[in-house]
Amino acid sequence: QHLSFHGRRALVTGAGKGIGRAVAVALSRAGARVTALSRTAADLESLARECPGIEPLCLDLADWDATEAAVGAAGPFELLVNNAAVAVLQPFLEVTREAFDRCLDVNLRAVLHVSQIVARQMITQGTPGAIVNVSSQASQRALRDHAVYCKLKYLSVMAMELGPHKIRVNTVNPTVVMTDMGRINWSDPQKSAAMINRIPLGKFAEVDDVVNSILFLLSDKSAMTTGSSLMVDGGFLVS
Ligand code: NDP
(Lines give C-alpha, C1' and ligand atoms only; values in the text may rest on other atoms or scores of the structure.)
Protein backbone atom coordinates (compact mmCIF):
# COMPACT_ATOMS: atom_id res chain seq x y z
CA GLN A 1 0.00 0.00 0.00
CA HIS A 2 1.40 3.36 -1.05
CA LEU A 3 1.70 6.19 1.43
CA SER A 4 -0.86 8.92 1.00
CA PHE A 5 -0.43 12.51 2.05
CA HIS A 6 -3.71 13.65 0.60
CA GLY A 7 -4.74 17.06 1.88
CA ARG A 8 -1.55 17.57 3.90
CA ARG A 9 0.46 20.74 3.44
CA ALA A 10 4.20 20.22 3.24
CA LEU A 11 7.24 22.50 3.24
CA VAL A 12 10.47 21.09 1.80
CA THR A 13 13.62 23.20 2.10
CA GLY A 14 16.45 22.90 -0.39
CA ALA A 15 13.95 21.57 -2.92
CA GLY A 16 15.68 22.96 -6.01
CA LYS A 17 18.06 20.06 -6.47
CA GLY A 18 19.01 16.62 -5.27
CA ILE A 19 17.26 14.92 -2.38
CA GLY A 20 14.96 17.84 -1.53
CA ARG A 21 13.68 18.10 -5.07
CA ALA A 22 12.92 14.38 -5.17
CA VAL A 23 11.12 14.60 -1.81
CA ALA A 24 8.99 17.50 -3.08
CA VAL A 25 8.01 15.56 -6.21
CA ALA A 26 7.26 12.36 -4.25
CA LEU A 27 5.10 14.19 -1.71
CA SER A 28 3.22 16.03 -4.43
CA ARG A 29 2.56 12.76 -6.30
CA ALA A 30 1.32 11.25 -3.03
CA GLY A 31 -1.30 13.97 -2.73
CA ALA A 32 0.35 16.62 -0.55
CA ARG A 33 0.18 20.34 -1.25
CA VAL A 34 3.87 21.07 -1.45
CA THR A 35 5.75 24.33 -1.01
CA ALA A 36 9.27 23.97 -2.41
CA LEU A 37 11.76 26.35 -0.84
CA SER A 38 15.13 26.94 -2.45
CA ARG A 39 17.60 29.64 -3.38
CA THR A 40 18.00 29.44 -7.16
CA ALA A 41 14.89 30.61 -9.04
CA ALA A 42 15.68 28.62 -12.19
CA ASP A 43 15.61 25.35 -10.21
CA LEU A 44 12.21 26.17 -8.79
CA GLU A 45 10.87 27.14 -12.20
CA SER A 46 11.93 23.82 -13.70
CA LEU A 47 10.47 21.99 -10.69
CA ALA A 48 7.12 23.73 -11.13
CA ARG A 49 7.16 22.71 -14.80
CA GLU A 50 8.02 19.11 -13.90
CA CYS A 51 5.40 18.92 -11.21
CA PRO A 52 2.59 21.45 -11.64
CA GLY A 53 0.90 22.19 -8.35
CA ILE A 54 4.10 22.59 -6.40
CA GLU A 55 4.28 26.08 -4.92
CA PRO A 56 7.76 27.64 -5.28
CA LEU A 57 9.29 29.76 -2.51
CA CYS A 58 12.56 31.40 -3.53
CA LEU A 59 14.56 32.32 -0.45
CA ASP A 60 18.05 32.26 1.04
CA LEU A 61 17.68 30.56 4.40
CA ALA A 62 20.79 32.32 5.66
CA ASP A 63 18.65 35.49 5.82
CA TRP A 64 16.78 35.32 9.15
CA ASP A 65 14.34 38.19 8.53
CA ALA A 66 13.46 37.12 5.00
CA THR A 67 12.88 33.57 6.28
CA GLU A 68 10.62 34.80 9.07
CA ALA A 69 8.47 36.77 6.64
CA ALA A 70 8.34 34.29 3.75
CA VAL A 71 7.90 31.03 5.66
CA GLY A 72 5.42 32.66 8.03
CA ALA A 73 3.30 33.85 5.11
CA ALA A 74 3.51 30.53 3.23
CA GLY A 75 2.20 28.36 6.11
CA PRO A 76 0.61 26.70 7.93
CA PHE A 77 2.01 23.24 7.20
CA GLU A 78 1.53 19.81 8.78
CA LEU A 79 4.73 18.40 7.30
CA LEU A 80 8.23 19.90 7.23
CA VAL A 81 11.42 18.52 5.70
CA ASN A 82 14.52 20.43 6.77
CA ASN A 83 16.75 19.36 3.92
CA ALA A 84 18.67 22.45 2.73
CA ALA A 85 22.33 22.44 3.66
CA VAL A 86 25.72 23.48 2.43
CA ALA A 87 28.76 21.23 2.60
CA VAL A 88 31.97 23.17 2.74
CA LEU A 89 34.58 20.54 3.43
CA GLN A 90 37.90 21.81 4.75
CA PRO A 91 40.68 20.24 6.79
CA PHE A 92 40.34 21.25 10.42
CA LEU A 93 43.43 23.49 10.37
CA GLU A 94 42.25 25.33 7.26
CA VAL A 95 38.63 26.02 8.27
CA THR A 96 37.80 29.63 7.45
CA ARG A 97 35.50 31.92 9.35
CA GLU A 98 33.34 32.37 6.21
CA ALA A 99 32.84 28.62 5.81
CA PHE A 100 32.05 28.21 9.49
CA ASP A 101 29.51 31.05 9.47
CA ARG A 102 27.82 29.82 6.31
CA CYS A 103 27.45 26.30 7.69
CA LEU A 104 26.13 27.56 11.00
CA ASP A 105 23.65 29.90 9.30
CA VAL A 106 22.18 27.36 6.88
CA ASN A 107 22.75 23.94 8.47
CA LEU A 108 21.99 24.82 12.08
CA ARG A 109 20.34 28.19 12.60
CA ALA A 110 17.91 28.01 9.68
CA VAL A 111 16.76 24.52 10.72
CA LEU A 112 15.95 25.82 14.17
CA HIS A 113 14.26 28.92 12.81
CA VAL A 114 12.12 27.27 10.11
CA SER A 115 11.10 24.58 12.61
CA GLN A 116 10.09 27.25 15.13
CA ILE A 117 7.95 29.11 12.61
CA VAL A 118 6.26 25.94 11.33
CA ALA A 119 5.79 24.35 14.78
CA ARG A 120 4.26 27.53 16.21
CA GLN A 121 1.72 27.50 13.39
CA MET A 122 0.99 23.80 13.96
CA ILE A 123 0.35 24.50 17.63
CA THR A 124 -1.88 27.50 16.88
CA GLN A 125 -3.86 25.41 14.39
CA GLY A 126 -4.05 22.50 16.82
CA THR A 127 -3.01 20.08 14.09
CA PRO A 128 -0.60 17.17 14.58
CA GLY A 129 2.59 17.46 12.56
CA ALA A 130 5.73 15.69 11.48
CA ILE A 131 9.17 17.17 10.94
CA VAL A 132 12.03 15.29 9.32
CA ASN A 133 15.53 16.66 9.39
CA VAL A 134 18.07 15.51 6.86
CA SER A 135 21.34 15.09 8.68
CA SER A 136 24.22 12.81 7.72
CA GLN A 137 26.32 9.86 8.75
CA ALA A 138 28.87 12.62 9.47
CA SER A 139 26.78 13.59 12.52
CA GLN A 140 27.53 10.18 14.05
CA ARG A 141 31.13 9.51 13.07
CA ALA A 142 34.25 11.61 12.60
CA LEU A 143 34.83 12.11 8.89
CA ARG A 144 37.92 13.80 7.51
CA ASP A 145 37.37 17.46 6.43
CA HIS A 146 33.86 17.53 7.93
CA ALA A 147 34.72 19.73 10.94
CA VAL A 148 32.32 22.55 9.99
CA TYR A 149 29.63 20.49 8.28
CA CYS A 150 27.63 21.14 11.47
CA LYS A 151 24.93 18.57 11.36
CA LEU A 152 22.28 18.67 13.91
CA LYS A 153 22.43 17.83 17.58
CA TYR A 154 19.51 19.62 19.21
CA LEU A 155 16.85 17.55 17.53
CA SER A 156 16.13 15.31 20.45
CA VAL A 157 15.21 18.43 22.45
CA MET A 158 12.82 19.46 19.67
CA ALA A 159 11.21 16.02 19.78
CA MET A 160 10.91 16.18 23.57
CA GLU A 161 9.38 19.64 23.71
CA LEU A 162 7.11 19.32 20.67
CA GLY A 163 5.83 15.80 21.46
CA PRO A 164 3.08 17.05 23.80
CA HIS A 165 1.77 19.11 20.85
CA LYS A 166 1.55 15.93 18.73
CA ILE A 167 4.47 17.05 16.58
CA ARG A 168 6.95 14.28 15.77
CA VAL A 169 10.57 15.12 14.96
CA ASN A 170 12.88 12.58 13.37
CA THR A 171 16.14 12.56 11.49
CA VAL A 172 17.56 10.64 8.57
CA ASN A 173 21.32 10.15 8.30
CA PRO A 174 22.33 9.22 4.78
CA THR A 175 25.72 8.09 3.63
CA VAL A 176 27.06 9.65 0.42
CA VAL A 177 24.48 10.24 -2.33
CA MET A 178 25.68 11.28 -5.78
CA THR A 179 23.71 14.52 -6.03
CA ASP A 180 25.48 17.78 -6.93
CA MET A 181 26.71 17.95 -3.33
CA GLY A 182 27.87 14.34 -3.44
CA ARG A 183 29.63 14.82 -6.77
CA ILE A 184 31.53 17.89 -5.58
CA ASN A 185 32.86 16.09 -2.54
CA TRP A 186 33.15 12.43 -3.59
CA SER A 187 34.05 12.36 -7.29
CA ASP A 188 37.69 11.48 -6.61
CA PRO A 189 37.66 7.70 -7.30
CA GLN A 190 40.23 6.92 -4.62
CA LYS A 191 38.34 8.85 -1.96
CA SER A 192 34.99 7.32 -2.91
CA ALA A 193 36.42 3.79 -3.10
CA ALA A 194 37.81 4.17 0.42
CA MET A 195 34.36 5.20 1.68
CA ILE A 196 32.54 2.42 -0.19
CA ASN A 197 34.96 -0.07 1.38
CA ARG A 198 33.68 0.97 4.80
CA ILE A 199 30.01 0.45 3.84
CA PRO A 200 28.85 -3.16 4.41
CA LEU A 201 26.32 -2.96 1.55
CA GLY A 202 29.19 -1.88 -0.69
CA LYS A 203 27.63 1.15 -2.35
CA PHE A 204 26.50 4.73 -1.85
CA ALA A 205 22.82 5.54 -1.25
CA GLU A 206 20.46 6.43 -4.08
CA VAL A 207 18.28 9.53 -3.82
CA ASP A 208 15.22 7.26 -3.61
CA ASP A 209 16.64 5.41 -0.59
CA VAL A 210 16.68 8.69 1.30
CA VAL A 211 13.29 9.83 -0.07
CA ASN A 212 11.62 6.57 1.04
CA SER A 213 12.92 6.92 4.59
CA ILE A 214 11.81 10.56 4.76
CA LEU A 215 8.32 9.70 3.51
CA PHE A 216 8.03 6.90 6.06
CA LEU A 217 8.95 9.24 8.91
CA LEU A 218 6.51 11.90 7.67
CA SER A 219 3.70 9.39 7.37
CA ASP A 220 1.30 7.89 9.89
CA LYS A 221 3.12 4.57 9.44
CA SER A 222 5.66 5.94 11.90
CA ALA A 223 3.03 7.41 14.24
CA MET A 224 4.80 6.20 17.40
CA THR A 225 8.28 7.26 16.32
CA THR A 226 9.77 10.55 17.44
CA GLY A 227 13.22 11.71 18.43
CA SER A 228 14.77 8.92 16.43
CA SER A 229 17.59 8.89 13.96
CA LEU A 230 17.31 6.58 10.98
CA MET A 231 20.56 5.59 9.32
CA VAL A 232 20.41 5.33 5.51
CA ASP A 233 24.05 4.41 5.36
CA GLY A 234 24.30 0.82 4.13
CA GLY A 235 25.66 -0.12 7.55
CA PHE A 236 28.53 2.40 7.64
CA LEU A 237 27.93 3.20 11.31
CA VAL A 238 28.22 -0.39 12.46
CA SER A 239 31.21 -1.24 10.32
P1 NDP B 1 22.36 19.53 -3.13
O2 NDP B 1 23.52 20.44 -2.94
O3 NDP B 1 22.28 18.70 -4.34
O4 NDP B 1 20.99 20.36 -2.97
C5 NDP B 1 20.83 21.21 -1.90
C6 NDP B 1 19.65 22.12 -2.13
O7 NDP B 1 19.55 23.01 -0.99
C8 NDP B 1 19.83 23.00 -3.36
O9 NDP B 1 18.61 23.14 -4.03
C10 NDP B 1 20.30 24.32 -2.74
O11 NDP B 1 19.99 25.43 -3.53
C12 NDP B 1 19.49 24.35 -1.47
N13 NDP B 1 20.07 25.29 -0.52
C14 NDP B 1 21.35 25.30 -0.04
N15 NDP B 1 21.53 26.37 0.73
C16 NDP B 1 20.36 27.05 0.76
C17 NDP B 1 19.93 28.25 1.39
N18 NDP B 1 20.77 29.00 2.11
N19 NDP B 1 18.66 28.66 1.21
C20 NDP B 1 17.81 27.94 0.45
N21 NDP B 1 18.16 26.80 -0.17
C22 NDP B 1 19.42 26.36 -0.02
O23 NDP B 1 22.37 18.62 -1.81
P24 NDP B 1 21.81 17.14 -1.54
O25 NDP B 1 20.50 16.95 -2.19
O26 NDP B 1 22.90 16.19 -1.77
O27 NDP B 1 21.64 17.22 0.04
C28 NDP B 1 20.39 17.33 0.68
C29 NDP B 1 20.59 17.07 2.15
O30 NDP B 1 21.16 15.79 2.34
C31 NDP B 1 21.54 18.06 2.84
O32 NDP B 1 21.05 18.34 4.12
C33 NDP B 1 22.84 17.28 2.91
O34 NDP B 1 23.65 17.74 3.95
C35 NDP B 1 22.30 15.89 3.17
N36 NDP B 1 23.24 14.84 2.86
C37 NDP B 1 23.76 14.72 1.59
C38 NDP B 1 24.68 13.73 1.32
C39 NDP B 1 25.28 13.59 -0.03
O40 NDP B 1 26.27 12.86 -0.14
N41 NDP B 1 24.77 14.20 -1.08
C42 NDP B 1 25.12 12.79 2.36
C43 NDP B 1 24.49 12.98 3.64
C44 NDP B 1 23.59 13.98 3.86
P45 NDP B 1 21.19 26.17 -4.37
O46 NDP B 1 21.84 25.10 -5.19
O47 NDP B 1 20.45 27.16 -5.15
O48 NDP B 1 22.12 26.74 -3.34
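Bear in mind that the values here come from a model prediction, so they are computed numbers and not experimental data. Start at 1 with the first residue, then count along the sequence. As the structure lists them, so they are numbered: ligands from 1, and atoms in each ligand from 1.
The shortest N or O to N or O distance between Gln137 and ligand 1 is not below 3.5 Å. In terms of polar-atom proximity, defined here as any N/O pair under 3.5 Å, Ile19 does make such a contact with ligand 1. At a 3.5 angstrom cut-off on N or O pairs, Ser136 does not count as close to ligand 1. Between Val106 and ligand 1, no N or O atom pair is found at a separation short of 3.5 Å.
Here the side chains of Leu108 and Cys103 are not in contact, with every heavy-atom distance at 4.5 Å or above. Using a 4.5 Å cut-off on side-chain heavy atoms (C-beta onward), Leu237 and Asn173 make no contact.
Met195 does not count as a contact of ligand 1, since none of its heavy atoms falls under 4.0 Å from the ligand. Put simply, part of Ser135 is less than 4.0 Å from ligand 1, judged by heavy atoms. Contact annotation: Ala87 has no heavy atom less than 4.0 Å from any atom of ligand 1.
Among Val177, Val232, Asp180, the residue whose heavy atom sits closest to atom 41 (N) of ligand 1 is Val177.
Atoms of ligand 1 lying under 4.0 Å from any heavy atom of Thr40, numbered from 1 in the order shown and given with element: 45 (P), 47 (O). Shown in contact with Asp60 at under 4.0 Å from a heavy atom are these atoms of ligand 1, numbered in order with element: 17 (C), 18 (N), 19 (N). Close approach to Gly14 involves these atoms of ligand 1, each under 4.0 Å from a residue heavy atom: 6 (C), 7 (O), 9 (O), 12 (C). The atoms of ligand 1 that sit less than 4.0 Å from any heavy atom of Leu59 are 19 (N), 20 (C). Atoms of ligand 1 lying under 4.0 Å from any heavy atom of Gly16, numbered from 1 in the order shown and given with element: 9 (O). Distances below 4.0 Å separate heavy atoms of Met181 from the following atoms of ligand 1: 1 (P), 2 (O), 3 (O), 23 (O), 26 (O), 27 (O), 33 (C), 34 (O), 37 (C). Within ligand 1, the atoms closer than 4.0 Å to a non-hydrogen atom of Val176 are 40 (O), numbered from 1 in the order shown. Below 4.0 Å from some heavy atom of Arg102 lie the following atoms of ligand 1, by number and element: 18 (N).
For Thr175, every heavy-atom contact with ligand 1 shorter than 4.0 Å involves the backbone, none the side chain.
Surrounding NZ of Lys203 are at most 12 heavy atoms belonging to other residues, nucleotides or ligands under 6.0 Å away. Residue Arg141 places its CZ atom among more than 12 non-hydrogen atoms of other residues, nucleotides or ligands, all under 6.0 Å distant.
Using the six-membered ring where Trp is involved, Trp186 and Phe204 have ring planes that are perpendicular, over 60° apart on the 30 and 60° scheme.
No side-chain N or O of Asn170 forms a donor-acceptor pair with one of Ser222 less than 3.5 Å apart. Thr175 and Gln137 are linked by a side-chain donor-acceptor pair at a separation below 3.5 angstrom, with hydrogens and angles left out of the test.
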What do the steps show when you test Arg183 against Asp180 for salt bridge (charged side-chain N to carboxylate O under 4.0 Å, His left out), and what is the final call? CA-CA 5 Å; Arg183 276 187 287 274; Asp180 284 5; 2.9 Å; yes

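With Glu78 as reference, Arg9 is the one residue of Arg9, Arg168, Arg8, Arg33 to meet the salt bridge (charged side-chain N to carboxylate O under 4.0 Å, His left out) rule.
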